[in-house]
Amino acid sequence: MHNRASSGVSGGRVADDWYAGGADCGGRPAFRVAAYNDDFFILRQPACTNYEKPFLYLIFGRDRALLFDTGAPTIDVATPVDTLIRRWAAQHGKASLGLVVAHSHAHSDHVAGDSQFVKRPGTTVVGRDTASVRAFFGIARWPTDMSTIDLGDRILDVIPIPGHQPASIALYDRRTGVMLTGDTFYPGRLYVRDTAAFAVSIDRLARFVRGQDVRHLLGAHVEQSKTPYVDYPVGTKDQPNEHGLDLTTAQLFELDSAVQSMRGRFRRVLLRDVTIWPQ
Ligand SMILES: [Zn+2]
Ligand SMILES: [Zn+2]
């Protein structure tokens, strides 16, 4: 995969296979954890705890880490996150490290673990509603303005993308060129609640991506199978032949074209790796 690239972006690797196990986890449910690189971790909730089996992301800066989403009911997420933070802090000679807990959006399968972080020392849990997200990231005009958060020598761009849910955001990590897109763009069913907002948001994302060195677009679920145009039905736990996690800018541009060509008259459209699914 990519190692250190000429542009100065830090390389990393997205595992090809993120199999989340089946319905039975033998009574010991645990997140799958893999390093994208030394400062960026991907966590996946096991299927036995929730068929949504969402992905969470933990990104380290010099001064604090950012956890993007806290998972679906019900699993211990604080322990694996604490372990990763403690290990990183020790490797970097730090006694402690701040933590920001933010969300791709407010749906229950991405915020269920929030309560496990509320009393954690040095931790800020960002509120789930749009007003809280705006206030925390300092976004004056929602959703047209963008913002940034600096974790200490590591700047993430914050891009409002309402449509799937009103408080949806994407994050772009300038250090790795990874963009996190939540439930707005991932290999599966892109449920669209507000079609007008979604169309503008996908266009905003596509325009942002055209001006950046984007290496991977990583969402919060995988519902697609490896077979083009075929997804696993809602509620499927065991997905042995599932699509990879990462999507490319070409796939985002394909989505943008499909969305814009509907000119506001949304209908269900199957693309090779995603389905546009108005609700
Ligand atoms: Zn959602
Ligand atoms: Zn979701």
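These numbers come from a predicted model, not from an experiment. Position 1 is the first residue of the sequence, and the numbers go up from there. Atoms within each ligand, like the ligands themselves, are counted from 1 in listed order.
When R175, R204, R174 are each tested for a salt bridge (charged side-chain N to carboxylate O under 4.0 Å, His left out) with D157, only one passes: R174.
Checked against the 6.0 Å centroid criterion, the rings of F68 and H110 do not qualify as a close aromatic pair.
When OD2 of D183 and NE2 of H164 are joined through the Zn ion (ligand 1), the resulting angle is 100° to the nearest 10°. The Zn ion (ligand 2) is the vertex of the angle joining NE2 of H110 and NE2 of H221, which measures 100° to the nearest 10°.
Among the atoms of D109, none of the N, O or S atoms falls under 2.8 Å from the Zn ion (ligand 1).
Rounding to the nearest 0.5 angstrom, the gap separating the CG atom in D173 from the CD1 atom in I155 is 10.5 Å.
The Zn ion (ligand 1) sits nearest to atom ND1 when only the N, O or S atoms of H107 are considered.
Relative to the six-membered ring of W18, R44 misses at least one condition, a distance below 6.0 Å or an angle of at most 45° to the axis.
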